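Hydrogens, waters and symmetry mates play no part in the numbers below; they use all other heavy atoms, side chains included. All of these numbers come straight from a predicted model, not from anything done at the bench.
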Amino acid sequence: MIHKLNHMLERRLPERRVFLRSDSETRYLRLSPLTQLVAVTGTTVIAAWMIVASAIILMDSIGSGNLREQAGRDLVLFENRVAELAHERDMRANEAAAAQERFNTALKQISAMQSQLLASEERVRELETGVDVIQANLRDALKARDEAQLSEEQVLSKLNGDANAAKGMTPQDMESTVDVLAVALADTAAERDEMALTASQAMKMADVLETDLKLMEEKNDRIFTQLEDAMTVSVAPLDKMFKAAGMPVDSMLATVKRGYSGQGGPLTPITFSTKGGMIDPDSMRANALIDKMDKLNIYRIAAQKAPFALPLKNGFRYTSGFGPRWGRMHEGTDFAAAYGTPIYATADGVVTFSGWSSGYGRLVKIQHEFGIETRYAHQSQLLVKVGQRVSRGEQIGAMGNSGRSTGTHLHYEVRVQGKAVNPMIYIKAANDVF
């Protein structure tokens with residue numbers, strides 16, 4: 001078979017010999033047509049394979065270069081976007097801090113205005129008492145003046161009568177009687193003039209007190225207006241914040257009132273009683289204003305007990321939101337930051353769990369008012385114990401990567417009556433207000 005193949009290929013590929021010469025002898029290699037065909041075919045196949053492989057490698061290199069460049073551009077865009085979001089978040093945080101500062105300043109101003117209002121009310125009562133006293137003195141002075149005039153008339157009548165009777169008197173008796181009557185008339189005239197002067201002074205004092213009273217009423221009206229405007233500006237945004245978070249405002253206020261039913265202290269408003277008298281407009285305005293101040297205090301207490309704050313104060317970025325993820329429900333919001341970043345309680349409450357919990361890793365649970373619970377998972381360090389009462393803004397742990405986690409981050413949950421809700425509802429509601 002090989003001989004026949006060689007014979008058939010001999011026309012195309014004649015037999016060739018390769019001579020190998022050395023110093024002592026000469027050898028040759030005989031290349032048959034079939035051997036030449038195998039060598040040519042193998043060389044061709046190897047060359048073709050090298051060309052195809054080189055082309056594939058070249059195209060892959062070009063394509064991977066484009067992909068790397070595209071990935072680099074996408075990474076730069078992503079980092080720029082993250083930087084913009086971080087800057088925007090910092091601006092919002094600064095605005096929230098400034099709004100909180102304005103809110104605290106407004107509370108201080110309201111307290112000062114309340115003190116001024118109470119002092120003004122005391123001053124008004126003192127002025128009213130002074131007016132009553134002056135009016136009583138004026139009435140007494142007028143009465144004394146009338147009595148003095150009556151006495152003068154009686155003395156004059158008696159003098160006329162005595163003059164008729166004096167016709168039969170001696171000159172000495174008449175002179176003595178005239179002296180007595182002159183002294184009596186002088187005393188009566190002096191007393192009358194004194195009473196008139198007292199009455200005139202009392203009238204002037206009454207006019208001054210009436211003017212002071214009108215000025216005080218105008219000042220009180222300005223104070224009332226300022227307080228009413230301040231209450232409107234302060235209460236309306238808080239009411240909007242709680243409604244945006246989906247919290248029942250009426251039941252929430254009732255809960256806070258039940259827990260804070262004690263009274264007293266410098267900031268506790270005083271109700272102006274109208275018992276035993278007519279309800280004047282100032283009393284109605286004062287009582288309405290006091291109701292608003294009481295509502296503002298209740299809102300302030302409720303805001304501390306609901307999770308409206310962020311669990312982080314340092315720089316961070318959102319990595320995963322509330323909702324379906326990888327075929328399962330993600331029941332919280334993830335915040336990524338450096339390992340060991342402090343984690344803070346978002347509202348006042350009591351720690352109900354602090355330890356290791358399966359996929360959560362190191363976990364802290366805090367029970368708040370209104371049936372709200374917050375959870376802080378994947379921590380590297382826990383700083384609170386079960387039963388401990390914590391305040392809003394108090395550090396409870398540090399960010400880590402414990403439990404089922406792909407990297408350092410905080411998994412933050414908010415549950416209402418045991419049902420998970422989106423934490424951003426509360427955070428955005430506070431951001432929109434402050």
Side-chain angles (χ1 to χ4, degrees), residues 78-79 81-83 85-94 96-97 245 304-326 328-368 372-386 388-416 418-431:
F78 177 74
E79 291 177 348
R81 180 56 178 166
V82 168
L85 292 175
H87 179 67
E88 184 177 355
R89 175 186 53 77
D90 294 338
M91 291 178 60
R92 293 292 180 270
N94 293 333
Q304 291 291 117
K305 297 183 176 297
F308 289 108
L310 281 166
L312 302 175
K313 297 181 181 179
N314 294 9
F316 67 89
R317 63 188 181 91
Y318 297 101
T319 56
S320 184
F322 181 88
R325 185 184 69 175
W326 303 335
R328 299 179 59 185
M329 184 64 181
H330 186 236
E331 297 181 336
T333 299
D334 292 344
F335 304 86
Y339 190 89
T341 299
I343 298 173
Y344 303 92
T346 56
D348 299 348
V350 178
V351 177
T352 58
F353 183 87
S354 179
W356 188 273
S357 177
S358 184
Y360 283 110
R362 293 183 181 87
L363 172 68
V364 171
K365 296 181 183 179
I366 301 178
Q367 184 64 46
H368 310 282
I372 300 176
E373 179 190 70
T374 54
R375 298 183 179 185
Y376 312 80
H378 307 309
Q379 299 189 49
S380 62
Q381 183 182 9
L382 303 178
L383 302 180
V384 292
K385 298 179 180 180
V386 175
Q388 179 177 342
R389 183 171 293 277
V390 296
S391 301
R392 177 181 178 180
E394 181 177 347
Q395 185 177 356
I396 60 174
M399 187 178 295
N401 190 24
S402 59
R404 287 199 300 270
S405 172
T406 59
T408 301
H409 73 287
L410 166 67
H411 174 80
Y412 173 61
E413 289 186 13
V414 175
R415 293 177 176 265
V416 180
K419 182 180 179 182
V421 299
N422 190 351
M424 297 307 298
I425 293 176
Y426 295 88
I427 296 174
K428 289 182 177 179
N431 289 338

Contacts table for residues 342-349: side-chain donor-acceptor under 3.5 angstrom, sequence neighbours left out:
unit_1, atom_1, unit_2, atom_2, d
T346, OG1, Y376, OH, 3.2
T346, OG1, Y412, OH, 3.0
D348, OD1, R392, N, 2.6

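One finds the NZ atom of K313 at 13.5 Å from the OG1 atom of T341 (value rounded to the nearest 0.5 Å). The distance from atom CD1 of I427 to atom OG1 of T333, rounded to the nearest 0.5 Å, is 6.5 Å. With rounding to the nearest 0.5 angstrom, the NE2 atom of H330 is 10.5 Å from the CG atom of N422. Note that CD1 of I366 and CD of Q388 are 9.0 Å apart. Values are rounded to the nearest 0.5 Å. Remark: Y339 OH to Q381 CD distance equals 9.0 Å, nearest 0.5 Å. Atom OH in Y426 sits 15.0 Å away from atom CG in L310 (nearest 0.5 Å).
Formation of a donor-acceptor pair under 3.5 Å by the S354 side chain with backbone atoms of V386 is not found in this model. In this structure, S405 contributes its side chain and S402 its backbone to no donor-acceptor pair below 3.5 Å. For H87 (side chain) and L85 (main-chain N/O), no donor-acceptor pair under 3.5 Å exists by modelled atom type. Side chain of S380 to backbone of M399: a donor-acceptor contact under 3.5 angstrom is found. Although no hydrogens or angles enter the test, the distance criterion places no donor-acceptor pair under 3.5 Å between the side chain of D334 and the main chain of T319.
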Exercise for review: Assess whether side-chain contact (heavy atoms from CB on, under 4.5 Å) is satisfied between Q379 and V364, documenting all intermediate values.
Suggested key: CA-CA 9 Å; Q379 299 189 49; V364 171; 3.5 Å; yes

Review point. Is there a side-chain contact (heavy atoms from CB on, under 4.5 Å) between I372 and V416 once you walk through the steps?
Key: CA-CA 5 Å; I372 300 176; V416 180; 4.2 Å; yes

Check your understanding: Yes or no on side-chain contact (heavy atoms from CB on, under 4.5 Å) for V351 and K365, after CA distance, side-chain angles and deciding distance?
Key -> CA-CA 6 Å; V351 177; K365 296 181 183 179; over 6 Å; no

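Taking R415 as the reference, E331, E413 meet the salt bridge (Lys or Arg N to Asp or Glu O under 4.0 Å) condition, with sequence neighbours excluded.
Across every non-hydrogen atom of T408 and A337, the tightest pair is CG2-O, 3.6 Å. Closest approach of G407 and N401 over heavy atoms only: O-OD1, 2.9 Å.
Taking 4.5 Å as the limit, every side-chain heavy atom of L382 sits out of range of all side-chain heavy atoms of I396.
Under 3.5 Å, the side chains of R325 and S320 contain a donor-acceptor pair of N or O atoms.
Relative ring orientation between F335 and F316 is described as perpendicular, the plane-to-plane angle rising above 60° on a 0-90° scale split at 30° and 60°.
Exactly one of H378, R375, H411, R404 qualifies for a side chain to side chain donor-acceptor pair (under 3.5 Å) with Y360. That residue is R375.
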